[in-house]
A.B. asks: 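Got a structure here, written out as structure tokens. Questions coming.
By convention in this document, chain letters (A, B, ...) are assigned in the order of the sequence lines, proteins followed by strands, and residues within each chain are numbered from 1.
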There are 2 protein chains.
Amino acid sequence: MTSTSPTLREQSERLLHRLAESGARLTPTRAAVLRALTSRSDGFTVEELCGDVRPVGRATVFRTVRLLLQKGLVCKLAMGDATPRYALSRSGHHHHAVCVRCGAVDDFRGCDLDDLVQRVAAAAESEVLGHRLEVYVVCAQCRRNDASGSAPSTHHAKHQKFRAIE
Amino acid sequence: MTSTSPTLREQSERLLHRLAESGARLTPTRAAVLRALTSRSDGFTVEELCGDVRPVGRATVFRTVRLLLQKGLVCKLAMGDATPRYALSRSGHHHHAVCVRCGAVDDFRGCDLDDLVQRVAAAAESEVLGHRLEVYVVCAQCRRNDASGSAPSTHHAKHQKFRAIE
DNA sequence: AACGGAATGATACCGAGTCTCAGTAACCAG
DNA sequence: CTGGTTACTGAGACTCGGTATCATTCCGTT
């Protein structure tokens with residue numbers, strides 16, 4: 001972790017400035033959390049993040065994630081009954097395809113979805129406040145790994161896979 | 001609660017038999033939980049259920065709900081960050097519109113959704129394992145109540161409304 | 001440099017859900 | 001009916017994600 005790729009540097013610095021703009025203070029601790037966060041391309045658990053930024057306190061990591069959540073810079077994946085994961089939020093309204101093997105998160109926009117949602121609401125004479133769609137998948141990388149013997153190879157997929165779905 | 005509507009009786013008895021078919025034992029405790037469950041038309045929290053079937057132990061209520069969940073007779077609503085709710089599962093694959101005011105749950109089938117999901121998966125060369133869609137609404141009844149002053153009227157909406165969404 | 005409010009960390013706490021373990025009670029022989 | 005196997009039950013301890021508290025630190029402004 002001595003030389004960080006410039007793109008990640010930039011990315012975490014952008015986030016830091018987005019926070020600053022909204023009145024939050026620029027602290028080394030926050031910078032560290034943001035760096036850890038951006039260097040994980042996947043969905044991550046807070047506990048994993050804590051591991052990355054030790055010795056930053058657990059409470060602080062949770063607070064930082066909550067802050068980012070409130071600013072809409074990060075979003076939370078419910079993951080059925082498994083440990084909730086978080087992911088950088090690259091855009092406005094979107095949904096997620098999560099790999100249940102490695103935790104990789106793929107964003108997508110569900111334009112058609114809004115139609116469906118509105119129809120459902122109309123049928124029930126209800127007012128829509130929001131919706132959430134999560135798709136659980138095995139990603140291309142993990143499928144390849146599955147196919148070629150049991151080697152977990154260079155792909156992420158730390159210690160434990162998490163059980164799926166509803 | 002002295003005279004239960006026959007439909008509810010039947011319903012809870014059907015559930016009981018579905019359980020029995022799959023090897024579970026028919027106990028008075030389970031019957032009580034199932035009766036409580038069916039007499040709540042809405043999404044409910046386990047804690048609410050516990051209140052209804054006192055003095056049945058909390059662990060047992062959780063165990064029963066888990067059992068029903070495994071048999072697919074009940075489904076779990078993630079509810080963003082609020083307390084998770086459960087609802088009778090009337091059918092096969094479906095989704096939920098949950099009223100964030102009163103907890104009423106409306107099932108619907110998202111046929112169009114499967115298309116979308118498959119397209120997303122194909123684009124990412126991923127294998128789909130499942131998906132989950134939740135729509136958060138204010139239901140017709142609650143909208144009416146909102147409109148006509150503050151009277152909560154005959155509608156359910158116990159003590160607390162729960163905060164919403166992502 | 002000094003001040004005020006925000007950020008931090010340790011730790012206690014909360015709430016949903018599970019595990020353990022001893023006691024009890026369904027079901028299935030016989 | 002009687003007994004035995006095995007599942008179910010309840011109390012309570014425990015796990016785990018997340019929050020509240022509170023004393024201390026330190027950012028940013030003056």
A.B. asks: Return the value, rounded to whole Å, for the distance between atom CE of M79(B) and atom C1' of dA16(C).
C.D. replies: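 From M79(B) CE to dA16(C) C1': 15 Å.
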A.B. asks: Quick check against the 3.5 Å criterion: does R132(B) have a side-chain atom that pairs as donor or acceptor with the backbone of G80(A)?
C.D. replies: no
A.B. asks: Answer yes or no: is there a side-chain heavy-atom contact under 4.5 Å between L116(A) and L133(B)?
C.D. replies: yes
A.B. asks: Mind checking whether L69(B) and Y86(B) have side chains closer than 4.5 Å, heavy atoms only?
C.D. replies: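 The answer is yes, as the side chains (C-beta and beyond) meet within the 4.5 Å cut-off.
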A.B. asks: For L67(B) and dT18(C), give me the distance from atom CG to atom P, rounded to whole Å.
C.D. replies: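 To the nearest whole Å, that distance equals 12 Å.
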A.B. asks: What I'd like to find out is whether the side chain of L8(A) reaches to under 4.5 Å of the side chain of Q11(A), using heavy atoms alone.
C.D. replies: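 The answer is yes, as the side chains (C-beta and beyond) meet within the 4.5 Å cut-off.
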A.B. asks: Taking five pairs at each end, how big is the angle between the two axes of the helix from dA1(C)-dT30(D) to dG30(C)-dC1(D), to 10°?
C.D. replies: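 Inter-axis angle at the termini of the helix from dA1(C)-dT30(D) to dG30(C)-dC1(D): 30°.
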A.B. asks: Are any side-chain N or O atoms of E134(B) and backbone N or O atoms of A78(B), one a donor and one an acceptor, separated by less than 3.5 Å?
C.D. replies: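 Yes.
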A.B. asks: Just the rounded figure in Å: distance from P of dA16(C) to CZ of R85(B).
C.D. replies: 11 Å
A.B. asks: Do the side chain of R85(B) and the main chain of M79(B) share a donor and acceptor less than 3.5 angstrom apart?
C.D. replies: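 Pair absent, no side-chain N/O of R85(B) close to backbone of M79(B).
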A.B. asks: Please report, rounded to the nearest Å, how far the P atom of dA16(C) is from the CZ atom of F44(B).
C.D. replies: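 Checked: the CZ to P distance equals 14 Å.
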A.B. asks: Given atom CG of L19(B) and atom P of dC27(C), what is their separation to the nearest angstrom?
C.D. replies: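 Rounded to the whole Å, the gap is 12 Å.
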A.B. asks: Are R35(A) and E13(A) ion-paired here, with the side-chain N under 4.0 Å from a carboxylate O?
C.D. replies: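 A salt bridge is absent here (no side-chain N lies under 4.0 Å from a carboxylate O).
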A.B. asks: I need the CG-P distance between L49(A) and dG17(D), as an integer number of Å.
C.D. replies: 13 Å
A.B. asks: Could you check whether atom CZ of R54(B) has more than 12 heavy atoms from other residues, nucleotides or ligands sitting under 6.0 Å from it?
C.D. replies: no
A.B. asks: Could you state the CZ-P distance from R54(A) to dT8(C), rounded to the nearest angstrom?
C.D. replies: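 Distance check: R54(A) CZ to dT8(C) P gives 18 Å.
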A.B. asks: Nucleotide by nucleotide, 5' to 3', does protein get under 4.0 Å of the base (B), only the sugar-phosphate (S), or neither (-) in nucleotides 18-30 of chain D, counting heavy atoms?
C.D. replies: BBBB-----BS--
